[in-house]
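One structure below.
A note on names: the letters A, B, ... follow the listed sequences, proteins ahead of strands, and every chain is numbered from 1.
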Amino acid sequence: MASPGERDRENDKDRDREMHSGYRGYVNLHEPPNSRLFLVVSRSTTERELREMFDKFGEIQDILSVKDKFTKEAKGVAYVKYGKSSQACRAMEELNGKSLSDGKPMKVLIAQSRSSSCGRDVEDEDLTRIFVMIPKSFTEEDLKSNFQEFGDIEYCRIQRDKVSGEGKGYGYVRYMRPSQAALAIENSDRRFRAILAEPKYRLNPNPQGDWHQPPESMHANFGYDPCFQGVPPIFKNMGPKTLPLPHFDDFGCHPGPPLSNLTSDDSLDFSRWLSVTMDPCITREQLTALFGLIPGLDFCDAQKDVINSCRLGYVRYNNPASAIYAKEKLNQFEYPPGSPMMIHFAKDVEAATSGENPLRLMALQLVTAQVMAEVSSHFTDRAQPGRGQMVQPQMMQSTQQTRHANGDFETSFTTARLPPKQPLAPMNTPMKERLFVVCSSSAPPPPEALTNAFCRFGNLIEIYMLPSKSYGYAKYADESSAKAAIEALHGQEVCGVRLKVLPADPPKEEARKRKHTV
DNA sequence: CGACGGGACGC
DNA sequence: CGACGGGACGC
């Protein structure tokens with residue numbers, strides 16, 4: 001076995017050689033992991049033939065048929081590099097064993113780097129299990145409902161404390177096929193931090209022989225967020241869902257309503273928007289049907305909130321009166337029974353739409369008795385489209401909902417003038433600039449709201465708040481993006497919380513990470 | 001005023 | 001059995 005030094009040097013040589021590639025430019029053959037295939041083919045197989053077979057699974061970044069250095073004779077092996085591991089895995093699953101033009105079967109494996117020895121074939125179990133960080137309150141069902149959209153799950157496992165039964169904050173998901181695990185790693189919410197699980201027997205125990213345990217603070221990113229930990233009991237154990245594929249933008253943000261660039265003059269316009277926190281089984285069509293009972297609906301969308309196991313709807317009316325009326329009548333409406341919807345305005349107009357204020361009174365006047373009767377009849381007569389039985393809405397339910405513990409989803413509203421959303425930089429991108437973010441209130445905005453705001457300057461790697469603190473950090477992969485964030489967001493409000501945004505001091509010099517007795 | 005998160009499975 | 005080509009960029 002090579003010494004660590006030799007290994008490093010060997011890896012460097014690999015990288016030097018392999019960064020150089022064909023006319024498409026530089027391709028790092030090891031990035032992302034498991035995105036390159038090793039093929040055993042016939043000596044007569046051409047690159048062209050391989051290209052035709054393999055480009056169905058993704059854009060081929062690099063292809064090579066290995067030839068003898070001197071005789072130029074094909075050796076019957078080849079490499080195919082894709083941009084994504086899921087593409088390579090799919091190609092392996094579909095093409096391994098398939099016949100070539102001469103009738104001989106080909107082998108397709110995940111390629112290994114020169115300095116590594118073992119190959120991974122389509123049967124390799126190491127490619128089908130992922131390791132994920134989750135809230136302690138997660139059940140196996142929660143795990144399943146969040147990861148089944150990526151493929152056929154063999155099992156979900158959650159580690160728990162044996163005495164208290166409390167989750168330890170992580171779990172495992174085993175898929176049937178490598179490409180499914182790869183899709184989960186590529187596309188699941190970043191806060192899960194999904195990675196391929198190391199096979200148990202290959203994990204290194206530390207010198208003391210006990211297993212490394214995650215520190216308590218590991219759960220911080222989930223734990224501080226009331227939205228994350230406080231999944232209402234009614235949302236749990238809802239059983240298998242038949243949700244349409246959730247529609248996230250490229251970086252796991254809820255697209256949300258078009259907002260930003262809010263000025264005080266926009267409050268009237270804002271009062272047309274409602275956000276709805278509701279049961280995950282409700283589809284966009286059902287939401288549209290329900291809110292469409294009130295005239296003036298001109299926009300309706302529903303997003304799955306992966307982390308919260310609930311569903312987030314956005315509704316807009318063409319006039320404030322309809323919105324006010326909809327909130328008045330449908331807030332706390334149990335749909336399905338046992339799952340009250342929670343409806344909110346933008347914070348900015350909450351005060352302006354309650355009590356004796358003229359706008360509200362006007363709205364309630366404008367809505368005719370006829371409309372009200374129509375709404376009521378729908379609620380009582382129509383069969384509930386999803387599941388269970390439709391119930392009478394609690395028409396007179398008070399709308400004075402206090403700042404509820406879990407459902408504050410008016411996450412996208414800000415006083416800042418913001419450019420459009422941009423994709424996040426991959427988690428492993430080197431950080432160029434770190435910002436220190438302080439919130440005026442001890443309860444910071446939900447993470448998705450912060451991500452929504454801070455992603456808009458590009459190259460945001462991550463923003464997080466420290467648990468039970470009013471501050472946190474935003475990491476950027478680019479200085480000018482970070483600068484633009486300061487420019488646009490310092491002193492502004494997100495979700496009613498005023499932010500300070502400034503360059504962070506370098507991280508505290510922690511005494512070297514080492515075992516305290518060594 | 002407001003300064004620091006980081007991953008593993010009882011056999 | 002079946003494991004690696006060609007050669008840019010900017011200092």
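- Remark: A:Glu487 CD is loosely packed, at most 12 non-hydrogen atoms of other residues, nucleotides or ligands lying under 6.0 Å away.
- In this structure, A:Phe38 forms an aromatic stack with the base of C:dA3, since both conditions hold: centre separation below 5.5 Å and plane angle below 30°.
- Screening A:Tyr155, A:Phe131, A:Phe192, A:Tyr175 for a ring pair (Phe, Tyr, Trp, His ring centres under 6.0 Å) with A:Phe147, the sole residue that qualifies is A:Phe192.
- Side-chain contact, A:Glu93 with A:Ser179: a donor N or O sits under 3.5 Å from an acceptor N or O.
- Rounded to whole Å, the distance from CD1 on A:Ile463 to C1' on B:dC4 is 14 Å.
- Distance from the side chain of A:Leu502 is smallest to B:dG2 among C:dG5, B:dG2, C:dC1.
- Taking atom CG of residue A:Leu435 and atom P of nucleotide B:dC4, one finds them 17 Å apart after rounding to whole Å.
- Residue A:Lys104 contributes atom NZ, which lies 13 Å from atom C1' of C:dC1 at whole-angstrom precision.
- The aromatic ring of A:Phe131 is stacked on the base of B:dA8, with the two ring centres less than 5.5 Å apart and the planes inclined by under 30°.
- Listed candidates were C:dG2, B:dG2, B:dC9. Nearest to the side chain of A:Ser470 is B:dG2.
- Between A:Asn459 and A:Ser481, the side chains place a donor N or O and an acceptor N or O closer than 3.5 Å (distance only, hydrogens not considered).
- The only option from A:Gln180, A:Glu154, A:Arg174 that meets the side-chain hydrogen bond (donor to acceptor under 3.5 Å, both in side chains) definition with A:Thr128 turns out to be A:Arg174.
- A:Arg177 has a carboxylate O that lies under 4.0 Å from a charged side-chain N of A:Glu94, or vice versa, which qualifies the two as a salt bridge.
- In this structure, A:Ala197 reaches the bases: a heavy-atom distance under 4.0 Å links it to at least one base atom across the strands shown.
- Under 4.0 angstrom from either OP1 or OP2 of C:dC4 there lies no side-chain N or O belonging to A:Lys81.
- OP1 or OP2 of B:dA8 has not a single side-chain nitrogen or oxygen of A:Tyr172 nearer than 4.0 Å.
- Taking the nucleotide of DNA chain B with the nearest heavy atom to each of A:Ala194 and A:Phe436, the more 5' of the two is matched to A:Phe436.
- Judged by ring centres under 5.5 Å apart and planes tilted less than 30 degrees, A:Tyr79 stacks against the six-membered base ring of C:dC4.
- Look at CG on A:Leu109: it is 15 Å from C1' on C:dC4, rounded to the nearest Å.
- Rounded to a whole Å, the CZ atom of A:Arg129 is 13 Å from the C1' atom of B:dG7.
- A:Tyr476 places no side-chain N or O within 3.5 Å of a backbone atom of A:Ala485 that could act as its donor or acceptor partner.
- Base engagement by A:Val132 is indicated by at least one non-hydrogen atom pair under 4.0 Å involving a base atom.
- Within the 4.0 angstrom heavy-atom criterion, no nucleotide atom of any strand lies near A:Leu499.
- Rounded to a whole Å, the NZ atom of A:Lys200 is 5 Å from the C1' atom of B:dC9.
- Checking C:dG5, C:dC1, B:dG2 against every side-chain atom of A:Asp62, the shortest atom distance belongs to C:dG5.
- Atom CD of A:Glu462 and atom C1' of B:dC4 are 13 Å apart (whole Å).
- Within the nucleic acid shown, A:Arg434 comes within 4.0 Å of at least one base atom, counting heavy atoms only.
- Looking at A:Arg160, its side chain has no donor and acceptor atom pair within 3.5 Å of the base of B:dC9.
- Residue A:Lys107 is the one, among A:Lys69 and A:Lys107, whose nearest nucleotide of DNA chain C lies closer to the 5' end (criterion: closest heavy atom).
- Among the protein residues, A:Ile195 comes within range of the nucleic acid bases, having at least one heavy atom under 4.0 Å from a base atom.
- Comparing B:dA3, B:dG2, B:dC4 against the side chain of A:Ala504 picks out B:dA3 as the nearest.
- Which of C:dC4, B:dC4, C:dG5 sits closest to the side chain of A:Leu29 comes down to C:dG5.
- The listed nucleotides are B:dG7, B:dA3, C:dG2; the one nearest the side chain of A:Val40 is C:dG2.
- In this structure, A:Lys500 reaches the bases: a heavy-atom distance under 4.0 Å links it to at least one base atom across the strands shown.
- Here A:Gln159 does not reach the OP1 or OP2 of B:dG7: none of its side-chain N or O atoms lies under 4.0 Å away.
- Going from atom CD of A:Gln112 over to atom P of C:dG2 covers 19 Å, rounded to whole Å.
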